[in-house]
Structure formats: C-alpha cells, structure tokens
Amino acid sequence: MRPLRTAIFPVAGLGTRFLPATKAQPKEMLTVIDKPLIQFAVEEAVSAGITRLIFVIGRTKRSIADHFDANPELDMLLRSKGKDKMADYLRAIVPPSCCCIYFRQAEALGLGHAVACAAPVIDADEPFAVLLADDLMDGTVPVLAQMAQQFESSGRSMLAVKEVAPSETGSYGIVDADLPPEGELSRVRGMVEKPAEGSAPSNLAVVGRYILDGRIMDMLKDQAPGSGGEVLLTDAISKLIDGPGVDAYRFKGHRYDCGSKIGFIEATMAHALAHPEYGAQTRSMMRALLDAEKSK
Ligand code: G1P
C-alpha cells in the first residue's frame, strides 16, 4: 500500500437545501465569514500531506476550479496596492507541491458514483481520502491529519465517526462498531446507510471524512444503485469491511453540518466568536441581541 497522497472532493451535488443561494453557485462555495467551505476542506487535506487534489464537479461548479487557479491579474493588482500579504495568502491556498485534477460528473447519481468518477487516476494499491466539504471539521490537529497519522500505522480504510442522537440515525451512514475512545480506532463490523430510528446497529455516524483502499474503485465499478436509486459509497464500504477491513476513528474536534442551515449558522457563529479580528465585537453583538430578545 502506498502512502496517502490523494484526496477526492465530491462537489457535484445540487445544493437544493440552500436555494436560492445555490441557484447559480455551488454550495461548496458558500462562505463561513470569508472562506468558502471547499477551501476549508482543501486546507485540511493539504495539512494531512495530500498532494493530489481531485475534484468531481458538476454543472455550475466552474467557480470551484477558478477558486483554486492562479489569478495573475488579481495578484498584480493586490501587489500594486501594497496588499502583498493577501496576495501571498491566495497563492498559498494550493501549495506548488500540489496538483488539482477535475472530473465532471454529468449526473448526480450518488456519492459512490461521484467517487468512482476519479477511478481512472486511482491505482488499486493507492489509498485515498474523501472529504465532503459540507461537513466543516474543526480540530486543534486537523481531522484528516489525525486520520492520516493513524493510517500510517494501521494501513486500513478508515471512517471518521461521531455519536448522534437515536433520532438522527436516518441522516447518516451508521456503523456497527464499539465506541472507540476519542482519538482512537475500533474495527467496523458492518455499515448501513441512513437506518430508521430503532433499526440502527449503533449511534455511531460516519461524517464526511474517509480514507479508503484503492481497491474500492473496482467494487464501485459494477455496483447497482441502492436505496433511493443512488450508487451508495456505503455499499462499497460494506465490501471493504468484509474484505481487507475498515476502522472507525473517533476524531478529536467538532463537526459542523454545513449541509443544513442550522449547522451553517452554528459554524458561522463559532467562527465569528473565534475570529482574531472580529471575535470580541461579535461577542458583544451577540450579548446585545440576546438582551434585546429578553426585554421583548
Ligand atoms: C453522506 C453519506 C453518509 C454520511 C454523510 C456524512 O450522506 O451517504 O453515509 O454519513 O454523507 O455527512 P449525505 O449527507 O450526502 O446524504
């Protein structure tokens, strides 16, 4: 097995939950303060040693490719105005050691189908990460970097998991595994996509960070659509569980569900409070808003 150097970002979803914001722009370009969700995910991947960034894009997603391209006109303009720091920052989003590869997914046929679009550049002995940008992950050590470190010694596929309320199992892939201590691994016995409350094998939900064995591409190739008519990544992962094995990793950090409006609001509030420039002002603004609520 080769070292982990590749990450796939499936970004071809339609983002209907965020209409009208996503009518003409991808949901992954929605920003928390001033940074698009997809940039958070790319920075997390780069911090984990990833050097091949593979984007599976769909219609209305060209702005993603533009976002990670060099922009010489903007660079010159910023430098002529003395804004070298911003110009340097923009240049460093994708370091020179990294390359970006783009695949088009013509139809949104499910997460498994999106991942399989990258098959032409993934060899069977090549592990790769999958990052779902609408899961915004905060950790003192970036979550994918935590996983990459574990993977160096385990060499096995890995799913980031967190505990959810029993009423929420229907929104996630749920693993059959014992709850690992934070920062540790536990072997996965099975996985079910979005089981109804009461029929889930546990309350350990998979969130959008995976490290997968390159052989999964072969498993996805001929896979029939599963529940909801979609080609599910979960079905192919089940085959890995029965084959070379899969671990659940209980990450250290916080996950914001930016695929939902309330999760997006939470992420925005948390990042505003922690912002080096605007944190203090945000705090007093929030207090004032809450006091005004109370006196209504
Ligand atoms: C996808 C996966 C699911 C996983 C979730 C994490 O679902 O199919 O297994 O738990 O991402 O966010 P989606 O949210 O795309 O419906």
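Hydrogens, waters and symmetry mates are skipped; everything else that's a heavy atom, side chains included, is used. Just so you know, ligand 1 is whichever comes first in the structure, and atom 1 is the first atom listed for that ligand.
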Can you tell me which residue and heavy atom of the protein come closest to [atom], and the distance to 0.1 Å?
{"atom": "atom 2 (C) of ligand 1", "value": "Glu193 OE2, 3.6 Å"}
{"atom": "atom 16 (O) of ligand 1", "value": "Lys194 NZ, 2.6 Å"}
{"atom": "atom 5 (C) of ligand 1", "value": "Val206 O, 4.0 Å"}
{"atom": "atom 12 (O) of ligand 1", "value": "Asp135 OD2, 2.8 Å"}

Would you compute the distance between atom [atom1] of [X] and atom [atom2] of [Y] and round it to the nearest 0.5 angstrom?
{"X": "Leu74", "Y": "Asp69", "atom1": "CG", "atom2": "CG", "result": "12.5 Å"}
{"X": "Gln39", "Y": "His67", "atom1": "CD", "atom2": "NE2", "result": "4.0 Å"}
{"X": "Leu37", "Y": "Leu132", "atom1": "CG", "atom2": "CG", "result": "11.5 Å"}

> Passes salt bridge (charged side-chain N to carboxylate O under 4.0 Å, His left out), Asp88 versus Arg91? Steps please.
Replying inline: CA-CA 5 Å; Asp88 292 342; Arg91 262 196 199 177; 5.6 Å; no
> Purely on distance, is any nitrogen or oxygen of Val207 under 3.5 Å from one on ligand 1?
Replying inline: no
> Within the structure, does Tyr172 bring an N/O atom to less than 3.5 angstrom of an N/O atom in ligand 1?
Replying inline: no
>> Is a donor from one side chain sitting under 3.5 angstrom from an acceptor on the other, for Tyr249 and Gln150?
In response: no
> Can we say Arg209 and Asp135 salt-bridge, meaning some charged N sits less than 4.0 Å from an Asp/Glu carboxylate O?
Replying inline: no
> Is atom 9 (O) of ligand 1 close to the protein, meaning a heavy atom under 4.0 Å from it?
Replying inline: yes
>> Under a 4.0 angstrom heavy-atom cut-off, which atoms of ligand 1 come close to Gly173?
In response: 3 (C), 4 (C), 9 (O), 10 (O)
>> Taking 4.0 angstrom as the limit and counting only heavy atoms of Thr234, give me the atoms of ligand 1 inside it, by number and element.
In response: 9 (O)
>> Looking at ligand 1, is there an atom of it that comes within less than 4.0 Å of some heavy atom belonging to Leu132?
In response: yes
> If you group Ile, Leu, Val, Met, Phe, Trp and Tyr by side-chain heavy-atom gaps below 4.5 Å, do Leu204 and Leu185 land in one group?
Replying inline: no
> Does the gap between the ring centers of His271 and Phe40 come in under 6.0 Å?
Replying inline: yes
>> Can you tell me which portion of Asp134 lies within the under-4.0 Å heavy-atom range of ligand 1? Options are side chain, backbone, both, or neither.
In response: neither
